[in-house]
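Below is one structure, written out as structure tokens; comments come after it.
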Amino acid sequence: MTEKIVVVGAGQAGSQVVQTLRQKGFEGDLVLIGDEPHLPYQRPPLSKKFLKGDVGEETLYLRPKEFYEVNKVELISGDPVVAVDRQKKVLELKSGSSVSYSKLVLTTGTKARALPIEGAQLDGVLSLRGIADVEALRPLVAPGKKVVIIGGGYIGLEVGAVAKDLGLDVRIVELQERLLKRVVSDDVARFFHELHEEKGVAFHYGVGVERIEGDGRAEAVVLSDGTRLECDFVLSAVGAMPNDALAEAAGLETDDGIIVDGHGQTSDEDVWACGDCVRFFSQRYGRSIRLESVQNAIDQAKTVAASLMNEAPDYDPLPWFWSDQYDIKLQIAGLSHGYEEAITVGSPKTGSFYVAYLKDGKLVCVDSINHPRSHMMARRVMGQDWHEDLLPPA
């Protein structure tokens, strides 16, 4: 019988799995199933160029429709998988149809974390995870409109930058006492605060959101200190959660993500998973991690495809990320979690500098702000003992 591999989740990771399988010579049946009625597409531009209208939807597509036809990949779009029967090796789709598999790969990504407050279900309270979200946002993103962004993370800051460029009144509410509390140093947080403040963005730190008010539609956000922020719409940017409910319901091991080993294999020998939805143990960092990044989606997908082809890769990456805000590019290499010292090299006032994060005297992460040389070098020397000449001058 011909082997049939089915990939559930038609994003960056899912698309990479099918491409790599064909490149490695897999000749069996290959099916890619996606929730959305679009070709597989990249998500980073959603909060930037796509929201701004600088690029069209077709530029988001990871590969043209012809790629799937030529490579004999059956693409099922807009019909989510609602159940996995691991005993019968059958997937049930929302439409009522079913798809059988020999091997299954879950690349289900993440979903926006829900706001657990009164008024969160009002019209005009939006999040940003997909093309449909941007299409809902676009009519509201107009000069003179007022937006309250809940969450001062990367998505909130990126959308805030676009909204400000387009002439909106922007207010960002952050529960912590500063931006990006868990992921960057004080110097980097201060730099981005000042960058946005100079553009006219207003910040509210150290306060929660009590409720969102409106008669059927969001009209104001009431903060925990009693402040009332009038608005035309609200963007919820309070983080993402792994889409692991399908796996959990199927009896697979999960813990804030689908648990996989170094090969991307789940607790079922015939089921793999990769991308934003999975958690794995990193020897590099000595702990279980879940990564939300393009780099992880692509590289882990390649690992899973190789594993399915009976190779034996062991995935333990050096993560890297980026964020574009106005004319500033932040590039991150490594993970700063648990760092003991942060060394700023260069002056933030110049708009080009970097911060090296150390733990036990070793380099564990580098934030590069408009300084690509330090980013590229950091990816080569990460984990080495720190000394002044380890990275280039600012």
Checking T266 side chain against V271 main chain: does a donor-acceptor pair fall under 3.5 Å?
-> yes

What are the two closest non-hydrogen atoms of A394 and V345, and how far apart are they?
-> CB-O, 3.5 Å

With no hydrogens and no angle check, is any side-chain donor or acceptor of T350 less than 3.5 Å from a backbone partner on G346?
-> no

Between E213 and R211, is there a side-chain N and carboxylate O pair less than 4.0 Å apart?
-> yes

So, D225 and T227: side-chain donor and acceptor under 3.5 Å apart, yes or no?
-> yes

Which class fits the ring pair H196 and F203: parallel under 30°, tilted 30 to 60°, perpendicular over 60°?
-> perpendicular

Is it true that V70 and F26 fall in one hydrophobic cluster, defined by side-chain heavy atoms closer than 4.5 Å?
-> no

Pair Y101, D29: side-chain N/O donor-acceptor within cut-off below 3.5 Å = no

Could K146 and D232 be called an ion pair, given the rule that one side-chain N must be under 4.0 Å from one carboxylate O?
-> no

Do I149 and L115 sit in the same hydrophobic cluster, where Ile, Leu, Val, Met, Phe, Trp and Tyr count as joined when their side-chain heavy atoms come under 4.5 Å apart?
-> no

Identify the heavy atoms of V17 and A301 that sit nearest to each other, and give their distance.
-> CG2-CB, 3.6 Å

E210 side chain near L223 side chain, heavy-atom distance below 4.5 Å = no

How many angstroms lie between CZ in R22 and CG in L30, if you round to the nearest 0.5 Å?
-> 4.5 Å

Are the side chain of R379 and the backbone N or O of A333 linked by a donor-acceptor pair below 3.5 Å?
-> no

Closest non-hydrogen atom pair, C231 against A220 | SG-N, 3.7 Å

Contact summary for A218 and V125, nearest pair of heavy atoms | CB-CG2, 3.9 Å

hydrophobic_cluster_shared for L137 and V221, side chain cutoff 4.5 Å | no

Could you pull out the closest heavy-atom pair between K94 and D79, with the gap in Å?
-> N-OD1, 3.3 Å

Hey, is NZ on K48 packed in by over 12 heavy atoms from elsewhere, all under 6.0 Å?
-> yes

Polar side-chain atom of R171 near backbone of V201 as donor-acceptor pair, under 3.5 Å | no

Greater than 12 external heavy atoms within 6.0 Å of K103's NZ | yes

Residue pair W272 / S307, side-chain donor-acceptor N/O under 3.5 Å | yes

Would you check if there is a donor-acceptor pair between the side chains of D367 and Y357 at a distance under 3.5 Å?
-> yes

May I ask you to check whether over 12 heavy atoms, not counting those of E388, lie within 6.0 Å of atom CD?
-> no

Donor on one side chain, acceptor on other, S97 and S95, under 3.5 Å | yes

Given the options E177, E174, H193, K181, Y205 meets side chain to side chain donor-acceptor pair (under 3.5 Å) only with H193

Presence of salt bridge, R279 and D256, under 4.0 angstrom = yes

Thinking salt bridges, do D324 and K329 make one under a 4.0 Å N-O criterion?
-> yes

Only distances under 3.5 Å count here; give the side-chain donor-acceptor pairs of residues 235-254 to other protein atoms, sequence neighbours excluded, each with its distance to 0.1 Å.
| residue | atom | partner | partner atom | Å |
| --- | --- | --- | --- | --- |
| N243 | ND2 | T108 | O | 2.9 |
| N243 | ND2 | T110 | O | 3.0 |
| D244 | OD2 | G257 | N | 2.9 |

S323 side chain to Q325 side chain, donor-acceptor N/O pair below 3.5 angstrom = yes

Side-chain contact test, heavy atoms from C-beta onward, threshold under 4.5 Å: evaluate it for H375 versus W320 and give yes or no.
-> yes

Would you say the side chain of V304 lies within less than 4.5 Å of the side chain of Y315, judging by non-hydrogen atoms?
-> no

Under the salt bridge (charged side-chain N to carboxylate O under 4.0 Å, His left out) rule, what do E230 and R228 come out as? Steps first, then yes or no, please.
-> CA-CA 6 Å; E230 293 186 357; R228 188 175 188 273; 3.7 Å; yes

Side chains of L358 and K362: closer than 4.5 Å at any heavy-atom pair?
-> no

Rounding to 0.5 Å, atoms OH (Y326) and CD (E158) come to a distance of 11.5 Å

Treating Ile, Leu, Val, Met, Phe, Trp and Tyr as nodes and any side-chain heavy-atom pair under 4.5 angstrom as an edge, say whether L195 and V183 lie in one connected cluster.
-> yes

Heavy-atom count around Q176 CD within 6.0 Å, excluding the residue itself: above 12?
-> yes

Quick one: pull up CZ in R63 and CD in Q16 and give me the separation to the nearest 0.5 Å.
-> 5.0 Å

Heavy-atom distance under 4.5 Å between the side chains of F353 and T344, does that happen here?
-> yes

With rounding to the nearest 0.5 Å, note down the distance linking CG in D35 to CD1 in I76.
-> 12.0 Å

Any L32 side-chain heavy atom under 4.5 Å of Y68 side chain = yes

Could you check if a side-chain atom of K52 sits within less than 4.5 angstrom of a side-chain atom of L166, using non-hydrogen atoms only?
-> yes

Any chance you could measure Y61, atom OH, to F67, atom CZ, to the nearest 0.5 Å?
-> 16.0 Å

With a 4.0 Å cut-off, would you call K359 and E340 a salt bridge?
-> no

Check whether any side-chain N or O of S77 sits under 3.5 Å from a backbone N or O of P37 as a donor-acceptor pair, and report yes or no.
-> no

Would you say I5 and L308 make side-chain contact, with heavy atoms under 4.5 Å?
-> yes

Give the minimum heavy-atom separation between R129 and L46, together with the two atoms involved.
-> O-CD1, 3.8 Å

For residues H337 and Y285, is any side-chain donor paired with an opposing acceptor at under 3.5 Å?
-> no

Hey, is E311 close enough to K24 for a salt bridge, meaning N to O under 4.0 Å?
-> yes

Out of curiosity, Y354 OH to L330 CG, how far, rounded to the nearest 0.5 Å?
-> 15.0 Å

Passes side chain to side chain donor-acceptor pair (under 3.5 Å), R287 versus S282? Steps please.
-> CA-CA 6 Å; R287 61 186 176 90; S282 168; over 6 Å; no

Between the side chains of E36 and Y41, does any donor sit under 3.5 Å from an acceptor?
-> yes

Given the side-chain rings of F321 and Y154, with only the six-membered ring counted for Trp, is the space between their centroids under 6.0 Å?
-> no

Just by distance, do the side chain of S224 and the backbone of G208 share a donor-acceptor pair under 3.5 Å?
-> yes

Return yes when atom NZ of K164 has more than 12 non-hydrogen atoms of other residues, nucleotides or ligands closer than 6.0 Å, and no otherwise.
-> yes

Give a yes or no on whether a salt bridge exists between K199 and E197, defined as a side-chain N under 4.0 angstrom from a carboxylate O.
-> no

Is the closest basic N to carboxylate O distance between K89 and D270 below 4.0 Å?
-> yes

Do V366 and V381 belong to the same hydrophobic cluster, where Ile, Leu, Val, Met, Phe, Trp and Tyr are linked whenever their side-chain heavy atoms lie under 4.5 Å apart, directly or via other members?
-> yes

